[in-house]
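All values reported here derive from a predicted model rather than from experimental measurement. Quick note on labels: first sequence line is chain A, next is B, and so on, each numbered from 1.
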Amino acid sequence: MNIEKIIQNATIDALKELYQFIPDESQVQIQNTRKEFEGDFTLVVFPFLRFSKKSPELTGNDIGAYLLNHIEIVESFNVIKGFLNLVIRNDYWLTILKNAFETENFALAAVTNDSSLVMVEYSSPNTNKPLHLGHIRNNLLGYSISEILKANGNKVIKTNIVNDRGIHICKSMYAWQQWGNGKTPESSGMKGDHLVGEFYVEFDKHYKAEIAELMEEGKTKEEAENQAPSIVAARELLRKWEAKDEETVNLWKTMNDWVYKGFDITYKTLGVDFDKIYYESDTYLVGKEEVLRGVKEGIFHQNEDSSVWADLTNDGLDKKILLRSDGTSVYMTQDIGTAKMRFADYSIDKMVYVVGNEQNYHFQVLAILLDKLGFEWGKDLYHFSYGMVELPSGKMKSREGTVVDADDLVEEMVKVARDMSVELGKLDSLSPEEAEKTFKMIALGALKYFILKVDPKKNMMFNPEESIDFNGNTGPFIQYTYARIQSVLRKAENQDIQINSAVSVDSVSVKEKDIIKRIFLFPAVVKEAGDNYSPAVIANYCYELVKEYNQFYHDHSILSETNEAVKNFRLILSSTVANVVKSGMSLLGIEMPERM
RNA sequence: GCCUCGGUAGCUCAGUUGGAUAGAGCAACUGCCUUCUAAGCAGUAGGUCAUGGGUUCGAAUCCCGUCCGGGGUACCA
């Protein structure tokens, strides 16, 4: 049983005995004592004044005296205003540290037979352009939340639904046919996704020019947009694709393969992966079938123009289109099909969609539609809705070239990490290969931490000039402290210092006690991160822990400490901090370098 | 219009189920490398928690109004 619970229970007994009052558990608030005051835990006594009919000070003294007599590990207490501060005995904290030191991955729950199976969908790119900064946030959050769910004892299947069909890829295909001159990734030396993206931009350029031309000829904007030769040709490609025209399908396959090879590289760089990939081209027909079944069963209704609609006005929402009047499917149709296939493939207990908050309404509707179609898991789906990434210049738009490309960004950060390391004279002792690996670790650590430390629900600002930072509350600061602890441990080993896990020292400084308390909190933090779907909780925790460690570290020596017991204690504390930080950061997908 | 999310230091962000004097980093300014790694440490300065009310022992936190901003809102994904 944890200490807070013990204090809480004892306080309930105290109130019973002292004031004949039986409180609700929620009325007994135990919190960590603020740093300015003496003590480890604090009980707020205000809620009990009406039962004690005494001043806050006297009430606090009553309860404090009771707790001192009844809880062994309480050493002393003091009362300030309405706050009862309890001081916990030294050896209690040493025991906590010892346990954390001896238990490997002490915060991570094991997967058992009755673990839930959670499927996490993330990334979900279109295949007509490369990944950008917005995708990076999606990928990092998706990967991290999967790791966090695993750490909380769930079985997790990471999945990706690739939007590989539709008008967007046909635009790139048409542009390649027209202006590509047979260009391939091999012939141009370009990454496949970048090459295809280039033709998507090319299409838009011509399309816009054609619209302008038609409008000059006197057509309205709408007419021009519909009659421009490029868009007509792209639509024709889509029609041929749906009719399984061999040449079109082959081109589609070729260009998608280029893109997948490019994506694979980006995914690998980012360190994310998937257990199962679904393709929209396989799922959209299943979705169509389900919608038509819905029509037959009277769940949806078909208009005279043959478009299909769901009436959600009884659920407080609008009417939603499910099939266009030409019979083609929309986004929602595909998501229904994909969901059906997934639940047929796996016995999923919980489905998590990592998708931006611009689609909150979409998922609200999807849950209701799946429910109406008779899938009982429908209403239980969880939309992990995250905020947009904003640039100083405003919103990112692929076609307008105002995006931050994922590959470029990582490359730039690696460059900055490398330059800075050289300038600081770091890593000179490493081989070029090892040093390069470390630069990447640091660059990725900076990027991942920067994005994951922000509350996922909120929009965040990313300034490419200013956001590339390696000092302060950053990933590299945490990596740096880790590397320094490793250095101390290496030196201890070289000096043949044996670490004895039986810690016993006479006194523990306030700062050291703070560090132990924080280590002790780690399992609760992992749980909180899982419950709230928030990697940020873990990021900020790791920072606080490392910061506290650094502050202590600078005022106290470890290896030159002459008291062997104290030296041993500090080595154990350091080693445990390193382990906790490493396992915390691994939940964010951030690697820890042994030196930097 | 309606729905929804947000507004905390110059900037980027934290802020435990409502608790003690609202915290970090960046930027600015002062110190500290002969001592286990200075990607660090110590310090100074910077706040009407958008705003007006309400709830109570106590509000950045809960409720209502107002202002500002993001996103969504029936054939784009």
Next on the checklist: What's A:Q359 touching, base or sugar-phosphate or nothing? Going by heavy atoms closer than 4.0 Å.
Outcome noted: base
Q. Is the distance between the ring centroids of A:F51 and A:F21 under 6.0 Å?
A. yes
Taken to the nearest whole Å, OH/A:Y449 to P/B:A24 is 14 Å
- Task: Indicate the ring-plane relationship of A:F384 and A:Y533, choosing parallel, tilted or perpendicular according to the 30° and 60° boundaries.
- Result: tilted
For A:P535 and A:I148 the tightest heavy-atom approach is CA-CD1, 3.7 Å
*Are the side chain of A:T481 and the backbone of A:F477 linked by a donor-acceptor contact shorter than 3.5 Å?*
yes
Shortest non-hydrogen pair, A:N138 vs A:V355, comes out as ND2-CA, 4.3 Å
task: Assess whether atom NZ of A:K288 is packed by more than 12 heavy atoms of other residues, nucleotides or ligands within 6.0 Å.
output: yes
- Taking atom C1' in both B:A20 and B:C5, compute the distance separating them and give it to the nearest angstrom. 32 Å
Here the distance between atom P of B:U16 and atom CD of A:E544, to the nearest Å, is 13 Å
Protein and nucleotides 20-22 of chain B: nitrogen or oxygen contacts under 3.5 angstrom:
{"unit_1": "B:A20", "atom_1": "OP2", "unit_2": "A:R34", "atom_2": "NH1", "d": "2.6"}
{"unit_1": "B:A20", "atom_1": "N6", "unit_2": "A:T42", "atom_2": "OG1", "d": "3.0"}
{"unit_1": "B:A20", "atom_1": "N6", "unit_2": "A:N85", "atom_2": "OD1", "d": "3.1"}
{"unit_1": "B:U21", "atom_1": "OP1", "unit_2": "A:K81", "atom_2": "NZ", "d": "3.4"}

In short, A:P56 meets A:F46 closest at the heavy-atom pair CG-CE2, 4.5 Å
When the P atoms of B:C75 and B:U56 are compared, how many Å lie between them, rounded to an integer? 49 Å
So, is the end of the A:R137 side chain (NZ or CZ) under 6.0 Å from the ring centre of A:Y386 and within 45° of the ring's axis?
no
(Q) Determine whether the aromatic ring centres of residues A:Y174 and A:F199 are separated by less than 6.0 angstrom. (A) no
Here the distance between atom C1' of B:C11 and atom CG of A:D469, to the nearest Å, is 12 Å
To the nearest angstrom, the CG-C1' distance between A:N463 and B:A27 comes to 13 Å
Rounded to whole Å, the CD1-P distance (A:I321 to B:U73) equals 13 Å
So that I can tick it off, tell me whether A:K372 and A:D315 are bridged by a salt bridge, with the cut-off set at under 4.0 angstrom between side-chain N and carboxylate O.
yes
Taken to the nearest whole Å, CD1/A:I30 to P/B:G18 is 16 Å
- prompt: Mind checking the C1' distance from B:A22 to B:G54? Whole angstroms is fine.
  reply: 22 Å
Taken to the nearest 0.5 Å, the spacing of A:I136 CD1 from A:L447 CG works out to 5.0 Å
Nearest-Å distance once atom C1' is located in both B:A14 and B:G52:
27 Å
Check ion pair A:D514-A:K35 (N to O, under 4.0 angstrom): yes
Taking the P atom of each, how far is B:C26 from B:G72, in whole Å? 35 Å
*asked:* Using atom C1' in both nucleotides, what's the gap between B:G18 and B:C63 to the nearest angstrom?
replied: 13 Å
Of all heavy-atom pairs linking A:I558 and A:K567, the shortest is O-CG, 3.3 Å
Protein heavy-atom contacts under 4.0 Å, written 5' to 3' over nucleotides 35-46 of chain B as B (base), S (sugar-phosphate only) or - (none), form the string -BBSBSSS----
Per the glycosidic torsion and the 90° limit around 0, nucleotide B:C67 is anti
For nucleotides B:U21 and B:A38, find the distance between their C1' atoms and express it as a whole number of Å. 32 Å
Audit row: A:F363, A:Y382, ring pair (Phe, Tyr, Trp, His ring centres under 6.0 Å) steps and yes/no: CA-CA 9 Å; A:F363 281 97; A:Y382 181 75; over 10 Å; no
Residues at least two apart in sequence or cross-chain that pass ring-ring contact (aromatic ring centres under 6.0 Å, His included) with A:Y480, listed by chain then number, are none
In RNA chain B, stems of three or more consecutive pairs, Watson-Crick or G-U, each with both distances under 3.5 Å, turn out to be B:1-7 with B:67-73, B:10-13 with B:23-26, B:28-32 with B:40-44, B:50-54 with B:62-66
Is there any protein nitrogen or oxygen under 3.5 Å from a nitrogen or oxygen in nucleotides 2-6 of chain B, and what are the pairs?
none

Between A:K440 and A:E591, is there a side-chain N and carboxylate O pair less than 4.0 Å apart?
no
note: A:E222, atom CD; B:C75, atom C1'; distance rounded to Å ~ 13 Å
(Q) Donor-acceptor pair, distance only, cut-off 3.5 Å: does the side chain of A:T333 make one with the backbone of A:L322? (A) yes
Using nucleotides 54-63 of chain B, report all nitrogen or oxygen pairs with the protein that are shorter than 3.5 Å.
none

Practice item. Would you classify A:V454 as touching base, sugar-phosphate or nothing, given that sugar-phosphate means primed atoms plus P, OP1 and OP2, and contacts are heavy atoms under 4.0 Å? Key: sugar-phosphate
Atom OH of A:Y543 and atom C1' of B:G23 are separated, to the nearest Å, by 10 Å
* Looking only at atom P, what distance separates B:G69 and B:U8, rounded to whole Å? -> 14 Å
Report task. Test side-chain hydrogen bond (donor to acceptor under 3.5 Å, both in side chains) on A:S385 and A:N360 and set out the steps. Result -> CA-CA 7 Å; A:S385 162; A:N360 286 353; 2.8 Å; yes
